Amino acid sequence: MEATRLGDAYDFYFGDDYLIKEWVFRKGNQVEPSMSTTWEDYTDVGGLKVAKIHQNEDGSFKLYFTNLEVKTN
């Protein structure tokens, strides 16, 4: 699946479980990736599957989410 906005491109890669496993950002829709990260350590938060860890291939970039919750009105 590919979505574009303002000339940038985002490529999403799904597993057999239909969850995102990796995404690639390509600035200006260039051929070479500007950034790629994994989507790992999924948790169920109020019925939503959320990846808590995102990191690049060499591990120099890591983004973690903690204390996730879902609020409804």
Side-chain angles (χ1 to χ4, degrees):
M1 181 172 105
E2 184 176 309
T4 58
R5 181 177 177 268
L6 300 175
D8 297 335
Y10 303 85
D11 304 323
F12 293 85
Y13 298 92
F14 297 86
D16 292 337
D17 56 5
Y18 303 105
L19 295 176
I20 299 170
K21 301 301 179 191
E22 178 182 8
W23 81 294
V24 175
F25 167 68
R26 295 181 292 116
K27 184 172 179 64
N29 201 18
Q30 65 190 16
V31 174
E32 293 298 317
S34 302
M35 175 182 267
S36 301
T37 65
T38 60
W39 290 50
E40 304 176 50
D41 195 19
Y42 274 89
T43 188
D44 187 294
V45 182
L48 298 173
K49 301 270 187 191
V50 179
K52 296 189 295 183
I53 298 174
H54 304 277
Q55 62 183 334
N56 65 356
E57 188 175 4
D58 68 7
S60 63
F61 172 85
K62 293 182 183 178
L63 176 65
Y64 297 88
F65 293 98
T66 59
N67 302 320
L68 299 169
E69 63 180 271
V70 172
K71 294 183 180 182
T72 60
N73 293 342

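Fair warning: this is a prediction, and the values are worked out from it, not measured in the lab. In this chain, numbering begins with 1 at the start of the sequence shown.
- In this structure, CD1 on I20 lies 5.0 Å from CZ on F12, to the nearest 0.5 angstrom.
- Under the 6.0 Å cut-off for aromatic ring centres, Y64 and H54 do not qualify, their centroids lying 6.0 Å or more apart.
- Looking at every heavy atom in both residues, S34 comes nearest to Q30 through OG-NE2, 3.0 Å.
- Taking OH of Y42 as the start and CG of L19 as the end, the distance is 5.0 Å to the nearest 0.5 Å.
- Listed for the D41 side chain is no donor-acceptor partner under 3.5 Å among the backbone atoms of I53.
- Counting only distance, with no hydrogens or angles, the side chain of T37 and the backbone of N56 share no donor-acceptor pair below 3.5 Å.
- Aromatic pair Y13/W23: centroids not less than 6.0 angstrom apart.
- Between the CG atom of L68 and the CG atom of D44 there is a distance of 11.0 Å, given to the nearest 0.5 Å.
- Atom CD of E57 has 12 or fewer neighbouring heavy atoms from other residues, nucleotides or ligands inside a 6.0 Å radius.
- The cluster map of Ile, Leu, Val, Met, Phe, Trp and Tyr, joined by side-chain heavy atoms under 4.5 Å apart, puts V70 and F65 in the same cluster.
- A distance-only check finds no donor-acceptor pair linking the side chain of T38 to the backbone of E22 [under 3.5 Å].
- Scanning for salt bridge (charged side-chain N to carboxylate O under 4.0 Å, His left out) contacts around K49 gives an empty result, with sequence neighbours left out.
- Ion pairing between a basic and an acidic side chain is recognised when a charged N comes within 4.0 Å of a carboxylate O; R26 and D8 show no such pairing.
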- prompt: Passes side chain to side chain contact (heavy atoms under 4.5 Å, CB included), E40 versus Q55? Steps please.
  reply: CA-CA 8 Å; E40 304 176 50; Q55 62 183 334; 3.1 Å; yes

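- Counting heavy atoms of neighbouring residues, nucleotides and ligands inside a 6.0 Å radius, atom CG of D16 does not exceed 12 of them.
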